[in-house]
Amino acid sequence: MAIVGMDINKAVDILTKGELVAIPTETVYGLAGNALDPDAVLKIFEVKKRPSFDPLIVHCSNVNQVNNYVSEMPEVAFKMAAAFWPGPLTLVLPKKSVIPDIVTSGLPTVGIRIPDHPLTSRLLQALDFPLAAPSANPFGYVSPTTAHHVEDQLGHSIKYILDGGACDIGIESTIIGFDGGKAIVYRLGGKPLEMIEEIAGKVNISRHTGLPATPGMLRSHYAPGKKMYLGKWEYFQNMLDKSETGLICFRNPVEDYPQDLQVVLSRSGNMKEAAKKLFAALRYFDSLDVRNIVAELLPEEGLGRAINDRLRRAAAEK
Ligand code: TXA
Ligand code: MG
């Protein structure tokens, strides 16, 4: 079983030997290995049972390091990097050949981000290589936002989990790619669209095309084991049994509904608080003996867009 702790030296030691460590970030926990070592990266795919066509994000400690791994950065990418790194933003950019093909699933581009978490920033500074890290969950399942979530699912197959507490943002990074210098959103995430557009102007959101160009965009992803329904409880109350249904509400609890069968994401209607609690709520209902989860959608703005995106994917037919 994995040891859970806060020992950066131990993490450095394990990673330097080509083994894996789960690391905290401000978005979700990552399953990290040396991004420059194809054998370490292969272990990531094996532990996650991740298909080899799904490329990994490379985590760097600073912009100088990023320059070692990307060959080109459009003007607008520079501006976003300056404004939002460290932070919940991944930029997909043409890669240099030092990044092994296994990291990018053979694509000529690499997803790069500088995470914003004190422990992981110190870890990255102490290493002389960047870290490839997908979310530390089995492929297709809900991302982990605590060390305990990681331990639950991957504890038997990794040595060490660096415990940085509950993730501050709680949903994955926003992923941006570029086409002829123009920004495109590949995945909605922790950096709200409105903030991206302040820098990049109006951007398009890439829709899933059936090709796994960005599996985070697969229609069914981030999925709990229960049947999900989207909307208010009142729409479903005649068709679902209360005792078999967990509710995820945005601000207001449903009156006369069992307390332990509902999670209110934010009583004050704060989307940041809601995002932070979302994945733990899905896991909570997965752990209960219920059949269904009914989740209310949030207003389509700010982080609400990314939250709704995750809920829709969680609800999509597998
Ligand atoms: O917040 C996050 O982004 C977290 C933390 C750990 O950094 N990581 C994360 O990784 O969510 P993952 O692997 O679960 O999702 C990364 C997504 C995948 O859907 C992958 O397809 C996409 O990023 N991606 C990575 N490199 C890409 C590339 N070169 N082109 C297009 N998509 C890419
Ligand atoms: Mg993931």
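Whatever order the structure lists them in is the order used to number ligands and atoms, beginning at 1.
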Counting each atom of ligand 1 from 1 as listed, which ones have a heavy atom of [X] under 4.0 Å away?
X	answer
L107	28 (C), 29 (N), 30 (N)
P134	10 (O), 12 (P), 13 (O)
V92	28 (C), 29 (N), 30 (N)
I175	17 (C), 22 (C), 23 (O)
H59	5 (C), 6 (C), 7 (O)
L56	25 (C), 26 (N)
S135	8 (N), 9 (C), 10 (O), 12 (P), 14 (O)

Please indicate whether any nitrogen or oxygen in [X] is less than 3.5 Å from any nitrogen or oxygen in ligand 1.
X	answer
E172	no
T27	yes
R50	yes
T25	no

Exercise. For ligand 1, does T104 get within less than 4.0 Å through its side chain, its backbone, both, or neither, judged by non-hydrogen atoms?
Worked result: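 Within the 4.0 Å criterion, T104 makes no contact with ligand 1.
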Problem set entry | Side chain, backbone, both or neither: the part of T109 lying under 4.0 Å from ligand 1 by heavy atom |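 Both backbone and side chain.
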For this session: With rounding to the nearest 0.5 Å, note down the distance linking CD1 in I8 to CG in L15.
Result: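 Reported value, rounded in 0.5 Å steps: 11.0 Å.
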Problem set entry | I169 CD1 to L303 CG distance, which is reported to the nearest 0.5 Å |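 The CD1 atom of I169 sits 7.5 Å away from the CG atom of L303.
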Exercise. Are any side-chain N or O atoms of T120 and backbone N or O atoms of P24, one a donor and one an acceptor, separated by less than 3.5 Å?
Worked result: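 Yes, because the side chain of T120 sits within donor-acceptor range (under 3.5 Å) of the backbone of P24.
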Problem set entry | With E172, the salt bridge (charged side-chain N to carboxylate O under 4.0 Å, His left out) member among R187, R310, K191, R313 |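 It is R310, the one option of R187, R310, K191, R313 that forms the salt bridge (charged side-chain N to carboxylate O under 4.0 Å, His left out) with E172.
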Sub-4.5 Å side-chain heavy-atom contact between [X] and [Y]:
X	Y	result
Y229	I293	no
N204	V185	no
I102	F45	yes
K276	D168	yes

Exercise. Is the distance from the Mg ion (ligand 2) to some N, O or S atom of S135 under 2.8 Å?
Worked result: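 S135 does place an N, O or S atom closer than 2.8 Å to the Mg ion (ligand 2).
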Exercise. Is it true that the NZ or CZ of K277 lies under 6.0 Å from the centre of F279's six-membered ring and within 45 degrees of the ring axis?
Worked result: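 No, K277 does not sit over the ring of F279.
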